[in-house]
Amino acid sequence: MAAQGAVLLKNEDAVLPLTVDDRVAVFGRCHKDYYRSGTGSGGAVNVLYTTNLVDGLRDNGITVNEMLSASYETWISSHPFDNGEGGWACEPWCQLEMPVTQTLAATAADSNKAVVVIGRTAGEDRDNAATEGSYYLTSTEKEMLHNVYSHFKNVIVVLNVSNIIDMNFMQDSNHIKAVVYAWQGGMEGGNGTADVLTGKEVFQGKLTDTIAKKITDYPADKNHGGKEKNVYQEDIYVGYRYFETFARDTVLYHSAMDYPTRNSRYPTAVSADTKMPMC
């Protein structure tokens, strides 16, 4: 289920699937501290184990850049996962990220492909917000992406998130060849994501939300988060109905709901630039 829920937004030059001939440098602490779920009642449960992406890649026969992996292991040991001391709604939206310098990225570039993992969480009493570390990337994450695509021609971004985030980073470099919404797959989420990245499983997930160019493109944005009341000003024009009627030019990726008569001929995620029949 974790594998089949992952959504492939982009895959240029057949950079995916990863093969046993690849040597892969994996960046982003959440490749190790993988988010299995959001917070709140659904997330605050005890589990027997949680898988992560880097071990899943190794189990699928992928050669991982162990020098880089060891650097993350060392850094994480002195910067442990912040769970807000277990308090209700105290866990932050994202974890402190290890800085990736130009030197580190250049040293890891003896690998032919890079995977960059971005992680986010949220939950009850800890809703997402239009701020860095939640909807927007942090400055450390932006620097990590920049330094990685400065030294790698084939970069794959994996979003270990529970929600849509700002996607402007996709326009930053043509070296970002693939983007995957892996979501949060529970205890087996790391293995499930590794399975689709390596072709053991086929990408089957479809977007349930339309991805717009910026958060202010969503009609509910200006009314969201009122402390006393929320105004449902958009009326029936919710989600794809609004974008199809009033704002097609603001869409980066359509949700599967944009095409009620969809079938197996439709791609996993439909770029706004793709010419598709409107239903």
Side-chain angles (χ1 to χ4, degrees), residues 3 6 8-35 51-79 81 94-120 137-161 165 167 169-170 172-182 189-200 203:
L8 181 63
L9 286 190
K10 178 181 180 179
N11 188 28
E12 291 183 351
D13 300 334
V15 69
L16 291 176
L18 303 174
T19 73
V20 293
D21 295 325
D22 288 320
R23 179 173 167 80
V24 182
V26 189
F27 295 87
R29 74 171 295 160
C30 285
H31 77 261
K32 184 68 176 178
D33 285 333
Y34 206 75
Y35 280 120
T51 59
N52 64 63
L53 179 58
V54 69
D55 287 339
L57 292 176
R58 291 179 179 124
D59 290 343
N60 276 280
I62 301 300
T63 300
V64 173
N65 189 312
E66 297 297 349
M67 177 280 297
L68 180 61
S69 181
S71 296
Y72 272 99
E73 292 275 4
T74 300
W75 189 88
I76 290 173
S77 66
S78 58
H79 300 81
F81 187 92
C94 69
Q95 297 296 312
L96 183 66
E97 186 58 74
M98 185 181 90
V100 174
T101 63
Q102 286 280 358
T103 300
L104 179 61
T107 302
D110 58 343
S111 301
N112 67 311
K113 293 180 181 179
V115 172
V116 180
V117 182
I118 304 292
R120 290 290 186 276
L137 298 183
T138 66
S139 57
T140 306
E141 289 169 337
K142 291 177 181 178
E143 182 180 24
M144 171 175 64
L145 272 173
H146 178 270
N147 290 343
V148 170
Y149 65 61
S150 294
H151 293 279
F152 287 84
K153 293 183 178 179
N154 296 300
V155 179
I156 300 145
V157 178
V158 174
L159 301 173
N160 174 212
V161 301
I165 66 171
M167 300 297 292
F169 68 85
M170 293 181 63
D172 291 343
S173 172
N174 57 12
H175 290 178
I176 299 178
K177 297 294 182 64
V179 178
V180 175
Y181 263 95
N191 287 337
T193 303
D195 285 351
V196 286
L197 292 180
T198 58
K200 184 177 180 180
F203 281 100

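Being a predicted model, the structure only gives us computed values, none of them experimental.
- A ring-centre distance under 6.0 Å is not found for Tyr34 and His31.
- Taking every heavy atom of both residues into account, Leu53 and Ala194 meet most closely at CD1-N, 3.8 Å.
- Annotation: side chain of Ile156 is in contact with side chain of Leu18 (closest heavy-atom distance under 4.5 Å).
- Lys153 NZ: 12 or fewer foreign heavy atoms inside a 6.0 Å radius.
- In this structure, Tyr72 and Asp33 have side chains that are not in contact, with every pair of non-hydrogen atoms separated by 4.5 Å or more.
- Contact check for Ile165 versus Leu137: side-chain heavy atoms found under the 4.5 Å cut-off.
- Contact record, Ala6 with Val196: CB-CG2, 4.1 Å, taken as the closest heavy-atom pair.
- When side chains are defined from C-beta on, Met67 does not count as touching Asp110, because their heavy atoms never get closer than 4.5 Å.
- Using a 4.5 Å heavy-atom cutoff, the side chains of His151 and Gln102 are in contact.
- Judged purely by atom type and a 3.5 angstrom limit, Asp22 uses its side chain to pair as donor or acceptor with the backbone of Thr19.
- Formation of a donor-acceptor pair under 3.5 Å by the Thr51 side chain with backbone atoms of Gly190 is found in this model.
- One N or O on the side chain of Thr74 and one on the backbone of Ala70 form a donor-acceptor pair closer than 3.5 Å.
- Two residues are said to be in side-chain contact when any heavy atoms from C-beta on lie closer than 4.5 Å; Tyr149 and Phe169 fail this criterion.
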